[in-house]
Amino acid sequence: MSSLMWFRKGLRLHDNPALLAAIEGAKHVYPVFILDPYFLRPDPTAPSPGSTRVGINRIQFLLQSLQDLDQGLQARGSRLLLVHGDPVEIIPSMITQWRVNRLCFERDTEPYAKERDARVKELAAELGIKELVTPSTHTLFDPDETIARNKGHVPTSYGQFCKAIGTPAEPLEAPTSIPGPDPEKKGIPTISVPTLTELGYGESDQEFLQQIVKGGETEALARLEVMMAKTDWVAKFEKPKTDPSAFAEPATTVLSPYLKFGCLSPRLFYSKLMAIYQKKTGHSKPPQSLEGQLLWREFFYTVGHATPRFDCMVGNSLCKQVPWTDDDALLAAWRDAKTGYPWIDAIMTQLRQQGWMHHLARHAVACFLTRGDLFVYWEKGRDVFDRLLIDGDWSINNGNWLWLSASAFFSQYFRIYSPITFGQKYDKSGKYIRRFLPVLKDFPAQYIYEPWKAPLDVQKAAKCVIGVDYPGPIVDHAEASKQCKERMAAAYALAKQSTDLPSQEAVEELRRTVNPGGVKRKEQYGAAGSMAPAGKKSKGDIRKYLKK
DNA sequence: TGATAGTTGTGTAC
DNA sequence: GTACACAACTATCA
């Protein structure tokens, strides 16, 4: 028996049933990872260092994870076979050249992976693969099983989801030894894990490479150990009470990048939590507890798996159809940390430099881009996060953007985060802003969240004149958020007219009536997108959609 | 049909 | 720190 163990996510040796299946009774095991050069090659036209699709921080994290996986395999008598190319071509040629008769890989429920894996399975069957092992171990539960337990319906709320799930299986140990590849079988050139320099990244990219965690299973297990040692903190953990402005010592576990790449098994994390909860009476509970966080992940994986066009507004049965603004200038200002709201721009800078920010900080900027202020398509913001986050995860990212834009799961669109006071609540003196926007570091605390309100002599004393050294606010928050609420009310009213999704013609009509000309920018951002004031003319038309 | 809960809103009053 | 108004959504349950 010869097995091909195809690593994609699941970059770990512990709790890896696909790997254990590959080893079972095998003479040779071929552990493979396939790098797609397109995902890694520097894109000089991209808005920040990285490839077209992935920011430099996540590339670095992946390379470190592969390096660590290779070392783990070597310590067990094997090694990682790293190749460049397209899996749909490479896996079949490996099966042929290496005379493999068992193919093992962890199941992946993202749409592009489903399509790729279906194709590979088809070709493998044609080549006479005897055994195919594809366990659902990226998540605690098999999403199809959860749906079956929920009487065949996709759970569309967290509560419903929690009622449907069972108890996760216990994690498995890592293998102690792994049969190596057959040294006689060659023919497919392998490479060693490239460095960022070898991929073409240079010195100038360093500002955008401020790693807060290093990739790999070894680091994942060490970090899990450190976090779980804080048993009181674990037992009392309530996510909404953690501090989004903490940066020297993040207020949450920062285990998400390890879960994203599968360097850490969710079942191991879960079992460690349960061991602590058993010893602590009155521990916190889902949805706010750490267990609750893992279950949110499961929830979004399950809905994302079973909802066609989950990552789109149009054609997504869960998604409110909203007349968002298609304005690339607003999007670019947000993405490039130039909105003139220091709290928002500091968060976006942390994203660009570190590829990570606190969950509530993500809420603040996502709300600002969509239903709170700029009224830009949530899919555009989703793409920015998807590229830059080290923990960028298709199911969770889309789920949260649907949530934050009040397009699905969450509907209280009138609860809008203030780009001024929300941050202030946690960080009066503006330490977070000073750290990520050094241009503002000498502003007095009184003005640091609203620097445009500082008298000119104060601005000069702080060596930062608003409109010259740092932009003024892109929109007036009070005015913009009021208009956003009106537009959301109209979109919700339209949705109430029928149980079917409204037609795109109806959404277009809404755009003409409640969102004419897009979002009104403040003067220094230019007139593009200037709109008729939310004036009398459009009010009558809104009413049409507000009728119950 | 009506009451209530829902991970994580803000501003003001006490 | 907690309470409530603000304006008002949807799913769930009695």
Side-chain angles (χ1 to χ4, degrees), chain A residues 150-151 153-164 236-246 250-253 256 273 283-300 303 317-322 341 343-344 347 357-368 370-373 396 399-428 449-450 476-499 501 542-543 545-548:
Chain A
N150 196 44
K151 296 173 186 162
H153 303 292
V154 193
T156 51
S157 74
Y158 184 77
Q160 204 186 356
F161 170 82
C162 289
K163 279 185 209 163
K236 287 181 186 147
F237 186 94
E238 287 178 84
K239 184 69 156 276
K241 290 190 180 160
T242 57
D243 178 0
S245 71
T252 52
T253 64
S256 55
L273 285 177
H283 61 80
S284 56
K285 299 218 159 54
Q288 307 198 336
S289 63
L290 277 175
E291 179 196 6
Q293 304 313 305
L294 273 178
L295 296 182
W296 278 106
R297 176 177 183 270
E298 295 291 313
F299 170 61
F300 287 132
V303 194
S317 62
L318 292 175
C319 186
K320 278 275 166 359
Q321 305 298 299
V322 177
Y341 282 95
W343 168 245
I344 299 298
I347 296 167
M357 55 306 200
H358 185 277
H359 189 64
L360 290 179
R362 301 180 194 200
H363 277 215
V365 295
C367 181
F368 186 86
T370 58
R371 67 181 169 84
D373 290 87
I396 303 172
N400 276 307
W401 276 94
L402 283 162
W403 184 292
L404 257 298
S405 63
S407 297
F409 312 118
F410 174 83
S411 47
Q412 283 160 291
Y413 58 80
F414 36 85
R415 292 188 181 172
I416 291 172
Y417 292 89
S418 161
I420 299 151
T421 60
F422 182 69
Q424 246 166 354
K425 199 164 62 180
Y426 299 93
D427 181 13
K428 267 258 166 310
Y449 285 85
E450 300 168 280
D476 177 87
H477 173 63
E479 195 186 333
S481 59
K482 187 165 171 284
Q483 290 180 354
C484 284
K485 278 187 270 194
E486 287 172 3
R487 294 171 188 148
M488 291 301 285
Y492 271 61
L494 179 62
K496 270 196 175 169
Q497 290 182 349
S498 162
T499 49
L501 279 185
I542 297 173
R543 249 179 243 128
Y545 293 103
L546 293 177
K547 276 183 199 140
K548 304 264 160 160

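Just so it is clear: chains get the letters A, B, ... in the order the sequence lines come, proteins before strands, and each one is counted from 1.
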| request: Pick base, sugar-phosphate or nothing for A/Gln293, based on heavy-atom distances below 4.0 Å to the nucleic acid. | output: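 Answer is base: heavy atoms of A/Gln293 come under 4.0 Å of a base.
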
Taking the six-membered ring for Trp, are [X] and [Y] closer than 6.0 Å centroid to centroid?
X	Y	result
A/Tyr341	A/Phe368	yes
A/Phe300	A/Phe161	no
A/Phe409	A/Tyr158	no

OP1 or OP2 of [N] versus the side-chain N and O atoms of [X]: is any pair under 4.0 Å?
X	N	result
A/Lys163	C/dC13	yes
A/Lys496	C/dT10	yes
A/Gln412	B/dG6	no

How far does the [atom1] atom of [N] sit from the matching atom of [M], given to the nearest Å?
N	M	atom1	value
B/dG6	C/dC6	P	24 Å
C/dT12	C/dA8	P	24 Å
C/dA3	B/dA5	P	14 Å
C/dC4	B/dT4	P	14 Å

Can you tell me the distance, in whole Å, between the [atom1] atom of [X] and the [atom2] atom of [N]?
X	N	atom1	atom2	answer
A/Leu318	C/dA11	CG	P	10 Å
A/Leu402	C/dT10	CG	P	16 Å
A/Lys241	B/dT8	NZ	P	11 Å
A/Leu360	B/dG9	CG	P	9 Å
A/Lys320	C/dA8	NZ	P	15 Å
A/Trp403	C/dT10	CH2	P	14 Å
A/Phe161	C/dA11	CZ	P	19 Å
A/Leu295	B/dG6	CG	P	16 Å

| task | Look at the side chain of A/Ser411 and decide which nucleotide, out of C/dT12, B/dT8, C/dC9, has an atom nearest to it. | result |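 Output: C/dC9.
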
| query | Judged by atom type as modelled, is there a donor-acceptor pair below 3.5 Å linking the side chain of A/Glu479 to the main-chain atoms of A/His477? | reply |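 No, A/Glu479 side chain to A/His477 backbone: no donor-acceptor pair under 3.5 Å.
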
| field | Nearest non-hydrogen partners of A/Pro419 and A/Ile344, listed with the distance | value |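 That would be CB-CG1, 3.8 Å.
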
| request: Write down the atom of A/Phe422, the atom of A/Ala364, and the distance for their closest heavy-atom approach. | output: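 Here A/Phe422 and A/Ala364 meet closest at CD2-CB, 4.3 Å.
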
| Measuring from A/Asn400:CG to A/Arg362:CZ, what's the distance to the nearest 0.5 Å? |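 Going from CG on A/Asn400 over to CZ on A/Arg362, the span is 8.5 Å.
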
| field | Contact list for DNA chain C against residues 413-426 of chain A - heavy-atom distance below 4.0 Å | value |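 Of all residues in residues 413-426 of chain A, the ones placing a heavy atom under 4.0 Å from DNA chain C are A/Tyr413, A/Phe414.
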
| field | Heavy-atom side-chain proximity of A/Phe237 to A/Ser289 below 4.5 angstrom | value |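 A side-chain contact under 4.5 Å is absent here.
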
| Based on Watson-Crick and G-U pairs with both distances under 3.5 Å, what dot-bracket line describes DNA chain C 5' to 3', crossing pairs as [ ] and inter-strand pairs as |? | ||||||..||||||

| task | Indicate whether any N or O donor in one side chain lies under 3.5 Å from an N or O acceptor in the other, for A/His358 and A/Thr242. | result |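 Yes, a side-chain donor-acceptor pair sits under 3.5 Å.
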
| field | Cation-pi, A/Tyr413 ring and A/Lys485 (6.0 angstrom, 45 degrees) | value |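 The answer is no, since A/Lys485 fails at least one limit relative to A/Tyr413.
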
